[in-house]
Amino acid sequence: MNIHPNTEQAYRLFHDGTLAFARAEQQGIRVDMAYAERKKQELDDEIIRLENTFKQTKLYRHWQHVVKKDPNIHSGTQLSHFLYNVKKFKPVKTTVSGQGATDEEALMDLNLPELKDLIQIRKLKKVRDTYLEAFTREQVDGYVHPSFNLHLVKTFRSSSDRPNFQNIPKRDKESMQIIRDALYPRPGHQLMEIDYSGIEVRIAACYHKDPTMIQYINDPTTDMHSDMAKQIFMLDEFDKCVKEYSHLRSAVKNGFVFPQFYGDYYGNCAVNIACEWCQLPTGKWNKEDGFSMFGDHLGNYFIRRGIKSLEDFTQHIKHIEQDFWYNRFPIYRRWKEHWWKQYQKNGYVDLLTGFRCSGILSKNDTSNWPVQGAAFHCLLWSFIELDAIMRRNKWDTRLIGQIHDSIVLDVHPNELEMVAKIAQQVTCHDLPQAWKWINVPLEIEMEIADVDRPWSELKNYVIT
DNA sequence: GGAACTCGCCAC
DNA sequence: AAACGTGGCGAGTTCC
């Protein structure tokens, strides 16, 4: 049995990490309490208004009639029973326990305008109850102190709770604005966020060393996601700066490339790209289907090229998946196979950072966990180092949180330039110096909000 | 009346 | 043959 030589270092990383996180927890994040209370009140009113609207619909009255009392409109069980057993609608999908699903996708598929109110009610309740309410409940003297845990996650990542600082809405503009408007720096300071760009792809490359992938990472004039978008959408030209192409690139990046890396297969990827990103229907496609691109509908574009349905598109993606793993990234594929075999033989997989995952792992787990864990450890190492530098030099700037591949800081304006410079140095230079197995360049992106402005107002920051 | 569960949904 | 990973949390439900 091999004993991994870095076990002591792995212990040290978590020991030092725990102390650095404790200091961030103690520091905390300022909450605008007056705003949070006011906003909760506004949401109460809006939710009641939407509930009343919903309760005046024929659909609701029918529901009320069949159960002979007031149904709970927030109960998935009751809604599922009414829609699929009473009304006999056909659910697009079922939940794990087998009942008809009532999530957003399933409700939208029924195409009933009344249900859109229900979806909006859910969203506002989520914002109010999961986030604003948690902030006001957990705050002490106007600061929340989220916990950052290093002992709970089987991949040796971190988790956060009370409140969870790692799942604050970002993509949905409306939710993002409402919630991040409540979070502020200390008076006279600025919120800053420093992210590792594409850290999991880079760390995966340190394991599998696929030359094509390393080439993509090393050469900034190439772009893996653009190349895959060109192939999937059968394009000769591709400029990711053009709006239409940039949407296709996102569709391919989030609907094909990343799911493939995690171990998904062409069937799900085809649905991801076509239905979730390009508004194409399941089954047969029409000329008017899909979003409009350069004055043409995507449905028409594909039909002219012989792809006339989701089934055709699925076959297309199947071929591309084959090409992806057998021609484009064959070394990456062999690494996955090798690690699965090694796990079956030994009963564990080791991370490049000296941790060992054992117990029951699926085939996908054996390649996903080491990447996910070690990528986070890059962030953790940088967090510890920055914390040490800032304390040694008695800076006023504080680290206040971390979201797997990013660090959130509460910065004194006079220290901003210095913080940015040192952060660049630590994350992209000192870390690869310390961990020789990092054989690809690392990059970060920085964002900053103005003095006394909330987290919703982050803007790109470039070192001058 | 609390534990354990399901479901839905937020993040990376 | 089968089919994407890691978490936290609120509300509803079921079980004891």
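Numbers restart at 1 for each chain; the letters A, B, ... are given by sequence-line order, proteins then strands. What you are looking at is a predicted structure, and each value in this text was computed from that prediction instead of being measured.
Position along DNA chain C of the nearest nucleotide to Thr155(A) versus Arg162(A) favours Thr155(A) as the more 5'-ward residue.
Across all strands shown, Asn167(A) has heavy atoms under 4.0 Å from base atoms, whether or not it also approaches the sugar-phosphate. The residue Val96(A) sits close only to the backbone: its heavy atoms come under 4.0 Å of sugar-phosphate atoms, none of a base. Backbone-only contact: Arg137(A) has heavy atoms under 4.0 Å from sugar-phosphate atoms and none from a base. Across all strands, Gly267(A) comes closer than 4.0 Å to no nucleic acid atom at all (heavy-atom distances). At a threshold of 4.0 angstrom between heavy atoms, the contacts of Ser158(A) with the nucleic acid are absent.
With dC9(C), dG12(C), dC7(B) as the choices, the nucleotide that has an atom nearest any side-chain atom of Gln99(A) turns out to be dC7(B). Taking the side chain of Tyr265(A) as heavy atoms from C-beta on, and the options dA3(C), dG5(C), dG8(B), the nearest nucleotide is dA3(C). Which of dT6(C), dA11(C), dC12(B) sits closest to the side chain of Lys154(A) comes down to dT6(C). When the nucleotides dG8(B), dG5(C), dC12(B) are ranked by their closest atom to the side chain of Ala101(A), dG8(B) comes out on top. Among the nucleotides dC9(B), dC12(B), dT6(C), the one closest to any side-chain atom of Asp103(A) is dC9(B). Proximity note for Thr95(A) (side chain, C-beta onward) versus dG10(C), dC12(B), dG8(B): the nearest is dG8(B). Checking dG7(C), dG12(C), dA11(C) against every side-chain atom of Asn72(A), the shortest atom distance belongs to dG12(C). Distance from the side chain of Ser159(A) is smallest for dG8(C) among the nucleotides dC7(B), dC4(C), dG8(C). Here the side chain of His74(A) is nearest to one of dC12(B), dG12(C), dT6(C), namely dG12(C).
Without hydrogens or angle criteria, Ser80(A) side chain to Gly100(A) main chain gives a donor-acceptor distance under 3.5 Å.
The pair Asp44(A)-Lys40(A) does not count as a salt bridge, with every side-chain nitrogen at least 4.0 angstrom from each carboxylate oxygen. With respect to the salt-bridge test (charged N to carboxylate O, under 4.0 angstrom), the residues Arg180(A) and Glu457(A) do not qualify. Comment: Arg128(A) does not engage Glu133(A) in a salt bridge, judged by the lack of any side-chain N to carboxylate O separation of less than 4.0 angstrom. Of the charged side-chain nitrogens involved, none lies within less than 4.0 Å of a carboxylate oxygen, so that Asp70(A) and Lys55(A) do not count as a salt-bridged pair.
Phosphate contact (OP1/OP2 of dG8(B), side-chain N/O of Arg122(A), threshold under 4.0 Å): absent. For dC4(C), the OP1/OP2 oxygens have a side-chain nitrogen or oxygen of Asn268(A) closer than 4.0 Å. One finds a side-chain N or O of Lys170(A) lying less than 4.0 angstrom from the OP1 or OP2 phosphate oxygen of dC12(B). For the OP1/OP2 pair of dG5(C) and a distance below 4.0 Å, the side-chain nitrogens and oxygens of Trp369(A) include no atom meeting the criterion. In terms of phosphate contacts, Thr102(A) brings a side-chain nitrogen or oxygen within less than 4.0 Å of OP1 or OP2 of dG8(B). Considering only side-chain N and O atoms, Thr130(A) lies nowhere under 4.0 angstrom from the phosphate OP1 or OP2 of dC10(B). Not one side-chain nitrogen or oxygen of Gln260(A) sits closer than 4.0 Å to the OP1 or OP2 atom of dA3(C). For dT6(B), the OP1/OP2 oxygens have no side-chain nitrogen or oxygen of Ser97(A) closer than 4.0 Å.
Atom P of nucleotide dT6(C) and atom CZ of Phe355(A) are separated by 18 Å, given to the nearest angstrom. Rounding to whole angstrom units, CG of residue Leu118(A) and C1' of dA11(C) are separated by 14 Å. dC12(B) atom C1' lies 9 Å from atom CD1 of Ile403(A), rounded to whole Å. Distance, Phe261(A) CZ to dT6(C) C1': 18 Å, rounded to whole Å. Rounded to whole angstrom, the span from the CD atom of Glu104(A) across to the P atom of dC10(B) amounts to 8 Å. Atom CG of Leu79(A) and atom P of dT13(C) are 11 Å apart (whole Å). One atom, CZ of Phe135(A), and another, P of dG10(C), lie 12 Å apart when rounded to the nearest Å. As rounded to whole Å, 13 Å separates atom C1' of dA1(C) from atom NZ of Lys318(A).
The aromatic ring centres of Trp369(A) and Phe156(A) sit 6.0 Å or more apart. For an aromatic pair to be called close, the ring centres must be under 6.0 Å apart, and His151(A) with Phe14(A) fails this.
Interface remark: the Gln372(A) side chain does form a donor-acceptor pair with the dG5(C) base, using a distance-only criterion of under 3.5 Å. Side-chain to base pairing of Lys126(A) with dC9(B): one donor and one acceptor N or O lie within less than 3.5 Å of each other.
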